[in-house]
Amino acid sequence: MSSLLVDNIGELVTNGVGADPLGIRRKAAVLVEEDRVAWVGPAAYAPAADHRIDVGGAAVLPGFVDSHAHLVFAGDRAAEFAARMAGEPYTGGGIRTTVGATRAATDGELRATVRRLRGEALRQGTTTMEIKSGYGLNVADEARSLRIAAETSSETTFLGAHVVPAEYADRPDDYVGLVCGPMLAAAAPHAKWIDVFCERGAFDVDHARAILACGQAAGLGVRLHANQLGPGPGARLGVELGAASVDHCTHLSDADVDALAGTAHTDGFGTTTVATLLPGAEFSTRSPYPDARRLLDAGVTVALATDCNPGSSYTSSMPFCIALAVREMRMTPAEAVWAATAGGARALRRDDLGVLTPGARADLVVLDAPSYLHLAYRPGVPLIRQVIRNGVPQ
Ligand code: NIG
Ligand code: FE
C-alpha cells in the first residue's frame, strides 16, 4: 500500500469535531494511504511514509464539493449576459437557446466542454462536482448528456424538467408524461439524482411533485431548483419529499425557513434537507442575494455551490463563491468555507467527503496562503497551490 505524508501544515481545516466549527489544527500533518486519510495529528509526531510533501506552513483544507453544476451544454450566451448588465432581467428564457445548441452538438463537443470545465474547477480546488443534464430535453439528448456526465462524475443528476421545450410549449402535461416515462427510463441508468426547476415559467408544484415522485420510485435521490426568481412552494415541496437539497433559496418566506429548519436531525447534525446557495447566479443576473444569515440562524444546514452554467452563472470557481458569500451574504469566512466543503458533502449525502478525518477520502487543497481566511480576504487571486484528489497529487 503506498502512503503519502502531507507535512508541515500551518493551519489544517479538518471539519472534524473540535473547539471551532472547522476543526482547525495547527502545525499538523496528514497521512494518506491509497485514496483515504489514514491519520491526522501534530507534525512533530508524523509517521513515516513512502512519499512526503512539505507544504512549508501553508493552510490545507478539504477539497471543495461543488454540489450544483450544469456542465453538459454547447454554445455561449455572453450576449445575454451583456444585455443583463445593460438592464435586461434574467427570466430563464435563454435555457431554450442552449437546448438548441446542445442538441446540435456532437458527443465529442459536449465531452470536451465537460472536461474543460471540470479541469478548470479542479485547478480551483474542486475535488467533487455534481453534474446535471437539462439542456437536451428529449429522450436521446438527456440520456447522452447523462452518459457523458457520468464519465466525469458519480454525482449525476437528471434534470429533464429544466423547462418545457418549445415543441411542447402548448402541452406541458404531455412533456411531464415524457419526462416520467421514456425519458426517466433512459436517464436513470446514468443518474443518481433527479432535479426539477420548480418556478413560475418552468414547472409548477404539481408537475414538480409528480416528476420527483417518479424519480424516487426509480431509485433516484431528490434535489430541486426552487425559489430562485420569486417566492413559491418549491422549498416546502423539497421538505415534503425529503430532498437532500433545495437549491437557490433566494426568495424564502418564514414558513419556508421553518420547514427547512424542521428537518433537523435529533443529534444536532444539521438539517436533512440542505439549503444550497448559489451566489454566482445572483452575481451574474444582478439580483439580490439569498439571506444566508437567516437560514444559518434558524439552524438550517447551508451549502455553497457554483451553479456553473452558460446562462445564469458561468463560473466554475468555488473560491469566488466563498468570497461572494462572505462579502454579500454576511456569512463568516468559516461558515462559507464549511458550506463549500462539508456543506456540499451534506447536500450530496456523502459522509466521506468534505472532511479530513481518518477514513475520509483523501481530497486535499493546499493554499498559497497561511489561512483559509485568505479565500475571502484575497478575492480573485489564484490561491490554490496544489490539489490532491483520491490521494493522488494532480
Ligand atoms: O440554476 N434556474 C435554472 N437553471 C439554471 C440556469 C440555466 C440557464 O439559464 O441556462 C440555474 O440558474
Ligand atoms: Fe442550477
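The shown structure was predicted, so the numbers you read here are calculated from the model rather than taken from an experiment. Note that ligands are numbered from 1 as they come in the structure, with each ligand's atoms numbered from 1 the same way.
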Tabulating one pair per line, provide the atom names and distances (0.1 Å) for every N/O atom of ligand 1 that is less than 3.5 Å from a protein N/O atom.
| from | atom 1 | to | atom 2 | distance (Å) |
| --- | --- | --- | --- | --- |
| ligand 1 | 1 (O) | His70 | NE2 | 3.4 |
| ligand 1 | 1 (O) | His225 | NE2 | 3.0 |
| ligand 1 | 1 (O) | His248 | NE2 | 3.0 |
| ligand 1 | 1 (O) | Asp307 | OD1 | 2.9 |
| ligand 1 | 1 (O) | Asp307 | OD2 | 2.9 |
| ligand 1 | 2 (N) | Gln228 | OE1 | 2.6 |
| ligand 1 | 4 (N) | His162 | NE2 | 2.7 |
| ligand 1 | 9 (O) | Arg77 | NH2 | 2.9 |
| ligand 1 | 9 (O) | Tyr90 | OH | 2.5 |
| ligand 1 | 10 (O) | Arg77 | NH1 | 2.6 |
| ligand 1 | 10 (O) | Arg77 | NH2 | 3.4 |
| ligand 1 | 10 (O) | Tyr135 | OH | 2.6 |
| ligand 1 | 12 (O) | Gln228 | NE2 | 3.3 |
| ligand 1 | 12 (O) | Asp307 | OD2 | 2.8 |
| ligand 1 | 12 (O) | Ser312 | OG | 2.5 |

From His70, His225, His162, residue fulfilling side chain to side chain contact (heavy atoms under 4.5 Å, CB included) relative to Asp195:
His225
Quick one about Glu155 and Ser67 (side-chain donor to acceptor, distance below 3.5 Å, no hydrogens or angles considered), yes or no?
no
Is a side-chain N or O of Thr263 found less than 3.5 angstrom from the main chain of Ala259, in a donor-acceptor match?
no
Tell me, please, whether Phe269 has Arg346 positioned over its six-membered ring: NZ or CZ under 6.0 Å from the ring centre and within 45 degrees of its axis?
yes
Of Val13, Val60, Val55, Leu61, the one forming a side chain to side chain contact (heavy atoms under 4.5 Å, CB included) with Leu367 is Leu61
Near the Fe ion (ligand 2) (under 2.8 Å) - protein N, O or S atoms
His68 NE2, His70 NE2, His225 NE2, Asp307 OD1
Any ion pair linking Arg293 and Asp291 (charged N to carboxylate O, less than 4.0 Å)?
no
Check this for me, if you would: do Glu167 and Arg103 make a salt bridge, where the nitrogen-to-carboxylate-oxygen distance has to be below 4.0 angstrom?
yes
Over all atoms of both residues, closest heavy-atom pair of Tyr168 and Val164
O-CG1, 3.5 Å
Any donor-acceptor N or O pair under 3.5 Å, side chains Arg25, Thr14
no
